[in-house]
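The block underneath contains the structure these notes are about, expressed in structure tokens.
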Amino acid sequence: MTTTITTRVGIIGGGPAGLLLSHLLHRSGIDNVVLELRDLDYTVQRVRAGVLEHDAVELLTENGLGERLHTDGLRHGGIYLQFAGERHHIDFEALVGRHVWIYGQQEVVKDLIAAHDANGTPARYEITDARPVDIDTEHPRILFTQDGEEFELACDFVVGTDGFHGVSRLAIPEADRTTYEREYDFGWLGILAHAKPSSDELIYALHENGFALLSMRSPEISRLYLQVPPDENIDDWSDERIWDELDVRLGMPGWSLERGEIFDKSVTPMRSFVSAPMRHGSLFLAGDSAHIVPPTGAKGLNSAIADVALLRKGFVQHYAGDSSVLDSYSETQLSRSWQTQYFSTWMTRMLHTFSGPDATFDHQVQLGQLAQLVASDHAKAHLAEFYTGLPITR
Ligand code: FAD
Ligand code: DHB
């Protein structure tokens, strides 16, 4: 027997995109249900992004999600670029009058879950076999199983916020879908450590051994990354080897890296991916289900936030009798997504070492590029404008 639940917007995936969309719709009086594959603890414990753009923070704050962000988050007015043994500050505040916040994705998810609990609208966790059906009609449904029971969620719209490995994108017939993809021959080894951050702001470093990034989560917790081969075995990296390599790539005369207990480490492969269109009938895609960027520009989470902010606006207007925002959603967000792909590719190519016959030449070109960048206010403003974020329509 199948139990039918009725709502307006059915959301597949309870990551940051799905939970935020649900919260925004709830605040706008639009009934919705989030279906999440994993359990609650898993979704909270996933360690991922750390930088929130200017507009993303404004959006979260306007929607009752800014309290911990503003007390525990770290406001950063710039970043450092390091290469050829020198460290250069890029002052976002001076260049474009904007800043970013360091606040872990895990914390955003925790705040969203607390808001859902307070609203009495928790996601449904540990659902399996979610299948969007009838998406070519105005009465789509999501079939799913929970605790061995079969359900159907009858809705007006389905939104797929189920990430890169989700099922929503695949519900769009293959003939109607174009995939643009690019793999990198490296990944990032990321750690979290109980160590005081060794810098006031993030350091992005190009070194002959590869890219390194110093980031942080709080005044007591450092987040650091190293460029490694994509299939690198994490077991080959003892804590000491990780700190030694970070020292080599980030080291500067008169500056030392604070070490501490490493309590999380993982290797993430890097890819660029866009699936077009982001709408098919009554199904919309948002966040990683539609696009992935290499993490160098810190754009993944921010792009997901931008997608769902526009979707909220689209649904609100639709229920008020105007579907124009929903109708142009795919075109608008694909254009935004390609601009973000451009920035992320540019940052990635500028700051990582590449292998192959042209590697030595390319490394010198990168040094030339970086030297020009730090010498030019126009070039620095270009970076600052993109890094602090494209406008988020809301
Ligand atoms: P996700 O966070 O992937 O959430 C999707 C949700 O859908 C998950 O909870 C998943 O369990 C659920 N789901 C999947 N399939 C189903 C299904 N069939 N049914 C129901 N639910 C389903 N970005 C940065 O900017 N900086 C970083 O340092 C960074 N590091 C990253 C590290 C890793 C390992 C990964 C994978 C991504 C990283 N990103 C980073 C990208 C950033 O975290 C993502 O862009 C962001 O999580 C996107 O949010 P989302 O909600 O769209 O997708
Ligand atoms: C972090 C991740 C990024 O991808 C980035 O560019 C900067 C910071 C982080 O996890 O802190």
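These values consider heavy atoms only, across backbone and side chains, with no hydrogens, waters or symmetry-generated copies. We count ligands from 1, going down the list as the structure has it; atoms in each ligand are counted the same way.
Aromatic ring pairs are classed by plane angle as parallel below 30°, tilted from 30° to 60° and perpendicular above 60°; the pair Phe284 and Tyr329 is perpendicular. The aromatic rings of Phe186 and Tyr184 sit tilted, their planes meeting at an angle between 30° and 60°. Relative orientation of the His382 and Tyr342 rings is tilted, given thresholds of 30° and 60° on the angle between their planes.
The backbone N or O of Phe164 lies less than 3.5 Å from a partner atom in the side chain of Arg169, making a donor-acceptor pair. Without hydrogens or angle criteria, Glu36 side chain to Tyr125 main chain gives no donor-acceptor distance under 3.5 Å. Of the possible donor and acceptor atoms, one in the side chain of Asp162 sits under 3.5 Å from a partner among the backbone N and O of Ser168. Side-chain atoms of Asp322 do not come within 3.5 Å of backbone N or O of His318 as any donor-acceptor pair. Panel note: side chain Trp188, backbone Thr296; no donor-acceptor pair is recorded below 3.5 Å.
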Give every pair formed by an N or O atom of ligand 1 and a protein N or O atom closer than 3.5 Å, one pair per line with both atom names and the distance to 0.1 Å, or write none.
unit_1   : atom_1 : unit_2 : atom_2 : d
ligand 1 : 2 (O)  : Arg48  : NH1    : 2.7
ligand 1 : 3 (O)  : Arg48  : NH1    : 3.0
ligand 1 : 9 (O)  : Glu36  : OE1    : 2.7
ligand 1 : 9 (O)  : Glu36  : OE2    : 3.2
ligand 1 : 9 (O)  : Arg46  : NH1    : 3.4
ligand 1 : 9 (O)  : Arg46  : NH2    : 2.7
ligand 1 : 11 (O) : Glu36  : OE2    : 2.6
ligand 1 : 21 (N) : Leu37  : N      : 3.2
ligand 1 : 25 (O) : Gly300 : N      : 3.4
ligand 1 : 28 (O) : Tyr225 : OH     : 3.2
ligand 1 : 43 (O) : Gln105 : OE1    : 2.8
ligand 1 : 45 (O) : Asp288 : OD1    : 2.7
ligand 1 : 45 (O) : Asp288 : OD2    : 3.3
ligand 1 : 45 (O) : Gly300 : O      : 3.3
ligand 1 : 45 (O) : Leu301 : N      : 3.4
ligand 1 : 47 (O) : Arg48  : NH1    : 3.0
ligand 1 : 47 (O) : Gln105 : NE2    : 2.8
ligand 1 : 51 (O) : Pro16  : N      : 3.4
ligand 1 : 51 (O) : Ala17  : N      : 2.9
ligand 1 : 52 (O) : Asp288 : N      : 2.9

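Ligand-side atoms of ligand 2 in range of Thr296: 6 (O), range being under 4.0 angstrom from any heavy atom. Close approach of ligand 2 to Arg48 (heavy-atom distance below 4.0 Å) involves ligand atoms 10 (O). Shown in contact with Tyr204 at under 4.0 Å from a heavy atom are these atoms of ligand 2, numbered in order with element: 5 (C), 6 (O), 7 (C). For ligand 2, the atoms lying closer than 4.0 Å to a non-hydrogen atom of Leu202 are 7 (C), 8 (C). Below 4.0 Å from some heavy atom of Val51 lie the following atoms of ligand 2, by number and element: 7 (C), 8 (C).
The CZ atom of Arg336 sits 8.0 Å away from atom NZ of Lys299, with the distance rounded to the nearest 0.5 Å. A distance of 11.0 Å separates CD1 in Ile292 from OG in Ser275, rounded to the nearest 0.5 Å.
Contacts between Ala298 and ligand 2 below 4.0 angstrom, taking non-hydrogen atoms only, involve backbone and side chain alike.
Taking any N or O of Tyr387, backbone or side chain, none lies under 3.5 Å from an N or O belonging to ligand 2.
With atom 1 (C) of ligand 2 as the reference point, the heavy atom nearest to it among Trp188, Tyr103, Tyr225 is part of Tyr225.
For an aromatic pair to be called close, the ring centres must be under 6.0 Å apart, and Tyr80 with Tyr204 fails this.
Heavy-atom distances between Gln105 and ligand 2 stay at or above 4.0 Å for every pair.
Regarding atom 4 (O) of ligand 2, its nearest protein heavy-atom neighbour is Pro295 O, 2.6 Å.
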